[in-house]
Amino acid sequence: MELISQISSLVKEYIMPETVWLVPCLYALGSIIKRSIRIDDTLIPTVLCVVGIFLSALVSVASCEPTNWIQWVILVAVSIGQGYVLAAAAVCLNQLIKQHTLAGGLKKGFDGQNSIERKDDEQCQS
């Protein structure tokens, strides 16, 4: 339980509330790219980072409207950091979903037999 609270505090610290909605959008984009035959799977995190940086910059410009060059530099730095964190969160979400579905497909128990094998064994014994 402590691990979940640590993850929650990290998310609150490093992801702005205005950009949290980008995580599912980047996840969906990654899923679309995964089905594509033109883009290699190894490029998915890079594409998500670039798109995350771009979208984060759009949200930042819309929310603060920088007026001098120092504010622009800060905006660019924050956008780069936010984009990477958002892409990492989308990839993490993908892995959590994969691991959850994989764990759901595994048999509950420690005897090492699949449920299909058990049904075959029960039919042979009858």
Side-chain angles (χ1 to χ4, degrees):
M1 195 63 164
E2 185 177 323
L3 180 64
I4 293 174
S5 64
Q6 289 176 350
I7 292 171
S8 173
S9 66
L10 285 174
V11 167
K12 289 177 185 175
E13 186 174 341
Y14 292 111
I15 296 180
M16 294 186 308
E18 297 88 15
T19 59
V20 171
W21 62 272
L22 292 173
V23 174
C25 295
L26 290 173
Y27 171 78
L29 177 64
S31 296
I32 292 169
I33 294 172
K34 178 76 174 169
R35 292 185 192 110
S36 170
I37 58 173
R38 293 181 181 237
I39 299 175
D40 189 29
D41 289 349
T42 58
L43 294 176
I44 293 174
T46 305
V47 171
L48 293 182
C49 283
V50 170
V51 172
I53 290 169
F54 176 73
L55 292 176
S56 178
L58 282 178
V59 171
S60 296
V61 167
S63 65
C64 73
E65 297 179 17
T67 56
N68 59 16
W69 70 273
I70 294 175
Q71 290 178 344
W72 278 103
V73 170
I74 292 171
L75 181 118
V76 167
V78 168
S79 297
I80 290 171
Q82 284 288 306
Y84 279 120
V85 171
L86 291 169
V91 171
C92 181
L93 176 64
N94 180 33
Q95 290 301 311
L96 286 173
I97 291 171
K98 276 185 179 178
Q99 295 300 322
H100 181 69
T101 55
L102 178 67
L106 296 176
K107 179 184 170 289
K108 307 276 192 273
F110 297 103
D111 58 358
Q113 295 180 345
N114 291 336
S115 57
I116 296 172
E117 292 175 358
R118 279 191 166 185
K119 289 179 183 177
D120 291 338
D121 291 340
E122 289 172 0
Q123 289 175 355
C124 292
Q125 291 175 357
S126 299

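Note that these values count all heavy atoms, side chains included, but never hydrogens, waters or copies made by symmetry.
Taking both residues in full, the closest heavy atoms of T67 and Q71 are given as N-OE1, 2.7 Å, listed atom of the first, atom of the second, then distance. Scanning both residues, A90 and Y27, for their nearest heavy atoms gives CB-N, 3.8 Å. Closest of all the heavy-atom pairs between S79 and A57 is OG-CA, 3.2 Å. Summarising the geometry of C64 relative to L75, their closest heavy-atom pair is SG-CD1, 3.7 Å, with the distance given to 0.1 Å.
Contact annotation: the side chain of W72 approaches that of V61 to within less than 4.5 Å [non-hydrogen atoms, C-beta and beyond].
Within the 3.5 Å criterion, the main-chain N or O of I32 finds no donor-acceptor partner in the side chain of S36. Judged by distance alone, with hydrogens and angles left aside, the side-chain atoms of Q99 form no donor-acceptor pair with the main-chain N or O of Q95 at under 3.5 Å.
Under the 4.5 Å side-chain heavy-atom criterion for ILVMFWY residues, a single connected hydrophobic cluster contains both I39 and L29. Criterion: ILVMFWY side-chain heavy atoms under 4.5 Å apart, direct or through other members. Under it, V73 and V78 are part of a common hydrophobic cluster. At a threshold of 4.5 Å between side-chain heavy atoms, the hydrophobic network of Ile, Leu, Val, Met, Phe, Trp and Tyr places V51 and F54 in one connected group. L55 and Y84 fall into different hydrophobic clusters, defined by Ile, Leu, Val, Met, Phe, Trp and Tyr side-chain heavy atoms under 4.5 Å apart, directly or through other members. Cluster membership for I80 and L58, using ILVMFWY side-chain heavy atoms within less than 4.5 angstrom, is not shared.
For the atom pair CH2 (W69) and CD1 (I74), the distance works out to 9.5 Å, reported to the nearest 0.5 Å. Separating the CG atom in L43 from the SG atom in C49 is a distance of 11.5 Å, to the nearest 0.5 Å.
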Step-by-step side-chain hydrogen bond (donor to acceptor under 3.5 Å, both in side chains) determination, S63 to E18: CA-CA 9 Å; S63 65; E18 297 88 15; 5.7 Å; no
For a side chain to side chain contact (heavy atoms under 4.5 Å, CB included) check, start with the C-alpha distance between I44 and D41, then their side-chain angles and the critical distance, and finish with the verdict. CA-CA 5 Å; I44 293 174; D41 289 349; 3.9 Å; yes
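Among the candidates L48, L22, I53, V20, the single residue satisfying the side-chain contact (heavy atoms from CB on, under 4.5 Å) test with L86 is L22.
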